[in-house]
Enquirer: 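First the structure, which I've put down as structure tokens, then a few questions once you've had a look.
Just so we're clear, the structure is a prediction, and the values are computed from it rather than from any experiment. The figures here come from the full heavy-atom set of this structure, side chains too, leaving out hydrogens, waters and symmetry mates.
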Amino acid sequence: MATDAVVNKQANGLYTLYQKKYTEKYGRGPNGNRYRAKWGLRDMLEDYSYEQCKQIVEYYFRTGKQGHSIDFLLTNYDRVFEFMTERLEDERKREEVRKQTEQKVKEMENKNDG
């Protein structure tokens, strides 16, 4: 388990990422209490790795959620992660089907040419 100092640094990094994404999306910084948000982000870090948490924050801003409040993220990060992994799995499966279809088309073309 990471030390308290490391977890604090990671939580601050996640909040900074959240601020950056929020500002990119809305053209202004978020209103909120960084100190309070940091504690919620620490909880997220107990459940997921730092890399997964960064992916959750980044994915959150690709959702259609209006306002992208930090409070919603902190109370629903499990659901956001679940949707994110489902979408990634769906994209992986779609890519696999695309490749299989390409292969079948090539086989049919070669069969018809021969």
Enquirer: Would you call E109 and K106 a salt bridge, using N to O less than 4.0 angstrom?
Expert: no
Enquirer: When you look at Y60 and N76, which way does the side chain to side chain donor-acceptor pair (under 3.5 Å) test go after all the steps?
Expert: CA-CA 10 Å; Y60 178 53; N76 295 288; over 6 Å; no
Enquirer: More than 12 non-hydrogen atoms from neighbouring residues, nucleotides or ligands closer than 6.0 Å to CD on E89, yes or no?
Expert: yes
Enquirer: Please find the pair of heavy atoms, one from C53 and one from L45, that lie closest to each other, and give the distance.
Expert: SG-CD2, 3.7 Å
Enquirer: Of all the heavy-atom pairs spanning N8 and R42, show the shortest one and how long it is.
Expert: OD1-NH1, 2.5 Å
Enquirer: Apply the test side-chain contact (heavy atoms from CB on, under 4.5 Å) to residues V105 and Q100: give CA-CA distance (whole Å), side-chain angles for both, the deciding distance (0.1 Å), then the verdict.
Expert: CA-CA 9 Å; V105 168; Q100 290 173 356; over 6 Å; no
Enquirer: So, Y77 versus D47: side-chain donor-acceptor pair below 3.5 Å or not?
Expert: yes
Enquirer: If you measure from the Lys or Arg side-chain nitrogens to the Asp or Glu carboxylate oxygens, is any gap between R92 and E96 under 4.0 Å?
Expert: yes
Enquirer: Working to the nearest 0.5 Å, report the span between CZ of R87 and CD of E82.
Expert: 15.0 Å
Enquirer: Do you know the tightest heavy-atom contact between K21 and E58?
Expert: CE-CG, 3.8 Å
Enquirer: Please determine whether a side-chain nitrogen of the Lys or Arg among D4 and K9 lies less than 4.0 Å from a carboxylate oxygen of the Asp or Glu.
Expert: no
Enquirer: So, for A37 and I70, which heavy atoms are closest and what is the spacing to 0.1 Å?
Expert: CB-CG1, 4.0 Å
Enquirer: Test side chain to side chain donor-acceptor pair (under 3.5 Å) on Y48 and D78; report intermediate values, then the result.
Expert: CA-CA 9 Å; Y48 300 101; D78 285 327; 2.8 Å; yes
Enquirer: Might you point out which heavy atoms bring P30 and Y15 nearest each other, and give the distance in Å?
Expert: CG-OH, 4.2 Å
Enquirer: Heavy-atom distance under 4.5 Å between the side chains of V7 and E46, does that happen here?
Expert: no
Enquirer: Which pair of heavy atoms, one from L41 and one from A11, lies closest together, and at what distance?
Expert: CD1-O, 3.5 Å
Enquirer: Report whether Y50 and W39 are members of the same hydrophobic cluster (ILVMFWY, side-chain heavy atoms less than 4.5 Å apart, transitive linking).
Expert: no
Enquirer: Could you verify whether a donor N or O on one side chain and an acceptor N or O on the other, from T16 and R34, lie under 3.5 Å apart?
Expert: yes
Enquirer: Any chance you could measure M84, atom CE, to R79, atom CZ, to the nearest 0.5 Å?
Expert: 15.0 Å
Enquirer: Is there a chain of hydrophobic side chains (I, L, V, M, F, W, Y, each step under 4.5 Å between heavy atoms) that links V6 to L17?
Expert: no
Enquirer: After noting the C-alpha distance and the side-chain angles of I56 and L73, does the key distance pass the side-chain contact (heavy atoms from CB on, under 4.5 Å) rule?
Expert: CA-CA 9 Å; I56 291 169; L73 176 62; 4.0 Å; yes
Enquirer: Does V97 sit in a hydrophobic cluster with other residues, and if so which ones, taking ILVMFWY side chains as linked at heavy-atom separations under 4.5 Å, directly or through other members?
Expert: none
Enquirer: Charged N to carboxylate O below 4.0 Å: is that the case for K111 and E107?
Expert: no
Enquirer: Can you tell me if R98 has over 12 outside heavy atoms packed within less than 6.0 Å of its CZ?
Expert: yes
Enquirer: Measure centre to centre between the rings of F61 and Y18, then say whether the value is under 6.0 Å.
Expert: yes
Enquirer: May I ask whether Y26 and Y59 are part of the same hydrophobic cluster, defined by side-chain heavy atoms of I, L, V, M, F, W, Y residues being less than 4.5 angstrom apart, directly or through others?
Expert: yes
